[in-house]
Enquirer: 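My structure is below; once you've seen it, I'll send some questions.
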Amino acid sequence: MYDKDQPIASVSRQDWSNDRRGARDEARHNEKVKESIKNNLDTIVSDGSIITADPNTKKTVKVPMRSIELPRFRYGQGKGGGVGTGEGGQPQPGDSVGDGKGQGAGDQPGQEYYEAEFTIEEIQQMVFDDLELPYIKPRESHQIESEEASFDDIRKKRSTNNLDLGRTAMQNMIRNAQEYGKAELRNISPDDYRVRSWQEKPKPENNAVVIAMADISGSMGEFEKYITRAFCWWTVGFLRSKYPEVEIVFVAHDTEAHEVSEEQFFSRGTGGGTKCSSANRMALDIVKNRYPPSRFNVYPLHFSDGDNWSNDNEECVNLVQGLLDEDVNQYAYVQIGHIGRSQLLGEYETNISDKRFKGLRIDDKSDVLDALKKVFSSGETEK
Amino acid sequence: MNHELNSHVHHNEAYHTPEELEEAELEKALSEIWDIAEEFGLDPFPTNFEIIPPNIMTELGSYGIPNRFSHWTFGREYRKMKTMYDWGLSKIYELVINSNPSQAFLLENNPPIENKFVMAHVLGHTDFFKNNHMFTPTRKDMPEAAARHADTLRAFEDRYGQLEVEEMLDDVLSIEEHIDPYLAVRPQRQEELLMWRQEADRQRSSEVVYEDEFDDILGHRRGKSKKISRAESRIAVPPSPDRDLLGFIRNHAPYLDDWQREVIDIVRSESIYFYPQRRTKIMNEGWAAYWHKRIMREMGDRDLISDEDNEAWWLVHSSVVAPNPRSLNPYYLGMMIYEYLEDFYNGNLSESEQAWLKKEGVTLPPKYEGPLKDSPALAELREVMSNNDDQSFIRNYFDKNVAERMNMYLYEQVTYLDGSTDNVVVSTGWKDIRDSLVSSMDNNGSPLITVINGDYNRAKELYLRHEYDGQTLDPEYIEKTLPHLYNMWQRPVYLETVDSDGEELDDDLPIVYMYDGEKFHIEAAGS
């Protein structure tokens, strides 16, 4: 018989409010999921929802992720099937028992997917971690410590032109609380004034420039334009985040080259034939006239499908060699397209032996990350 | 003395919190439920119930034991269960730990009647834990042991680094089910080698007497220079295929640190503890369902619960034992077999059921019409409960009558020409169903892997074999799991299995996967 005085069973409660074990291990799992995203970066980098996003956006993107699992020896997926039980009556051979996954004999639990949410910034950080400007070196004005002013010192008094209203109100309330025991906004006196003042802040300057050149000729198809866009989107984001003072010059060309704005660069229509030399010539002009390598680290970067006027190739080689002779830090040529290595890349590779020339191909969306890493890897590790 | 003091305090308290009132109500119901259970012959461990919030229930459900060690795989489970709960897809009603006394948990936001129902259910489990033979060897102090394990691993984290311990756990947990459940305590390395040596010697006793018992295994010892040929002195490690991968690696991996061996011990002892639960899912859940139904019915008959509550628990019961068209609900299957056996032993089968059994040559017990608690079936059911595991339970007691009571069938997935799929019944034959169930329970449904040689190529390489039973391994998972074994063994690891490509059994070729720390090699076995 159940004996209340010597209970062999009981009901009780405890305080679990300090228990964080599940939450902590859940956080560790999430961390591992995010780590694993690095292994999927190649598909994420060329994902349309990302590269059309405003790089400064706070919005998040959902990335489908395989949840992390601990592997173990398990049976291969046999034929789906198993044992079921009828809910009302006996099903007969040939009867359908409904589509959907069974969990019967021999079945394995399916791979779980779930969507991990990342901010654009988080994804960028993962991509940018591995990127850097190669062969960067001190130029004439080595690390100029330019004096840059910023509005970040809030001082008492001074002129009311730069009055910081929020801080002033706060100060007034603090004073009222101290004097009358009530934190309210009234009787603002000059004693409460808080103004923003200038402060000079030394800021390192890398003085570098990237000259981004894109082929917009008629032969550039959707895929080629998409890749150019993806690559440039990451390049611009990377430079702005890691080298905020780097300047970027945008050049679009068909048979003629034009310097364009960033928006124009990303939205320009296409047409016409192709003379890659036009862009290279413009780059050489820009380098000579505005960004002499004696004072700037210079990185020309050219995208094309390589479908160039064949009698223009030699001119291109000469111009690229000319740029290298001007002592640009690196010249990168990215050739996009499914067609085999066309002449321009071949010509470059045959005739330019300078290790600061990087020629590479992107045949598939998943190559973009790899190409980014090749273009923006430290010079030393390059062959 | 104590009792007086308590009642004194009790009388002076003018106000009770709702929590206290709820606890008092459940305590009262628990004593009634306990008495009824005892009248039915149940013999549970002492069982302490604790009322907890849902997030703690989810947490306990994902770890399996309170205060268990920390690992991201539990965090993953926790997240999954929490999501299911939040979306109203599933909730854990009850959790009970196999220990003495047993520890069980109730959800604080459950209506009292549901918690009463859960208490009746739990007593079925704690009766099972105490009386099913599979559980006899399991340690009954696991909650304390698990907490100690957690402390040990935390101390290792402080000493060797969180990541280091996590990675070791990743390796060990990836083969956690590869244990020998009947070898709870494995001898230490030296002891084990001595045993093997003596066994080998005994078998060859008529031939040679050895001077150095440890020759090859322990390396060459100084001062012993008797000439014994290597072939004669060598013993195989292990002497016969060893399914205790964890134990073998713990003892014989050449480069593990002591703390890493202790991590293996911890995981291994918890895995052995959980093994009987994996092996008796149908029997254990079925037993609990069979008993909660009878105990709660009795509660109603004795007017200990209201009519409204009677309906409420019946609704929960119906959802717990609901049939599923494409999978087997263990509560349902287990309960239905026990109920069938009750009817059989009490002579209450239908005429057609009796006719079929007679045709099979089964002698039928006489009809019994008294109350269940005095019936002959109870003792028989307790025998069945204590002496079987799921596989023998199905093999021995599942028959045509059960299959028909449950409208059971085998189905297969079919793919149509347009690419759509469907699941179609292929058989309703009870033997087909039984054989499919029984074979799916081999080794708890996971592949059996044994250690064949711990000194393969005489280079301390590890040679494993998948004991092929007609089902091939998933090659992707072989390639993901072998590196974990390599991490522990630190020498090349081999796994012999059968090629997955062959559709026909004749095409199945033994192949060997090898991982050398950098890459995989796959070759035909024996080459």
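Quick note on labels: first sequence line is chain A, next is B, and so on, each numbered from 1.
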Enquirer: One thing to verify: whether A:Glu26 and B:Lys82 come together as a salt bridge, which I'm taking to mean a side-chain N less than 4.0 angstrom from a carboxylate O.
Expert: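 Yes, this pair counts.
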Enquirer: Does a salt bridge link B:Glu59 with A:Arg24, judged by any charged N lying under 4.0 Å from a carboxylate O?
Expert: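 No, no charged N to carboxylate O under 4.0 Å.
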Enquirer: Hey, could you give me the CZ/OG1 distance between A:Phe73 and B:Thr497, rounded to the nearest 0.5 Å?
Expert: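 One finds 9.5 Å between CZ of A:Phe73 and OG1 of B:Thr497.
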Enquirer: Below 4.5 Å from any heavy atom of chain A, which atoms of B:Asp432 appear? Answer side chain, backbone, both or neither.
Expert: neither
Enquirer: Supply the atom-to-atom distance A:Asp25 CG to B:Glu77 CD, rounded to the nearest 0.5 angstrom.
Expert: 12.0 Å
Enquirer: Any salt bridge linking B:Glu50 with A:Arg13? Criterion: basic side-chain nitrogen under 4.0 Å from a carboxylate oxygen.
Expert: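 No, B:Glu50 and A:Arg13 are not salt-bridged.
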Enquirer: What part of B:Ser70 lies closer than 4.5 angstrom to a heavy atom of chain A: side chain, backbone, both or neither?
Expert: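 Looking at B:Ser70, backbone and side chain both touch chain A.
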Enquirer: Taking all non-hydrogen atoms of both residues into account, name the closest pair between A:Pro91 and B:Val425 and its distance.
Expert: CB-CG2, 3.9 Å
Enquirer: Within the distance-only criterion (no hydrogens, no angle test), does the side chain of B:Arg326 pair as donor or acceptor with the backbone N or O of A:Val97 below 3.5 angstrom?
Expert: yes
Enquirer: Roughly how far, to the nearest 0.5 Å, is CD1 of A:Ile8 from CZ of B:Phe45?
Expert: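 With rounding to 0.5 Å, CZ (B:Phe45) is 13.0 Å from CD1 (A:Ile8).
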Enquirer: Relative to chain A, which segment of B:Leu333 carries a heavy atom at a distance below 4.5 Å: side chain, backbone, both, or neither?
Expert: neither
Enquirer: Determine whether a donor-acceptor pair (N or O, by modelled atom type, separation under 3.5 Å) exists between the side chain of B:Asn407 and the backbone of A:Thr85.
Expert: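 The answer is no, because no donor-acceptor pair under 3.5 Å joins these two groups.
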Enquirer: Report the distance from atom CD of B:Glu177 to atom CZ of A:Arg72, rounding to the nearest 0.5 Å.
Expert: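 The distance works out to 4.5 Å.
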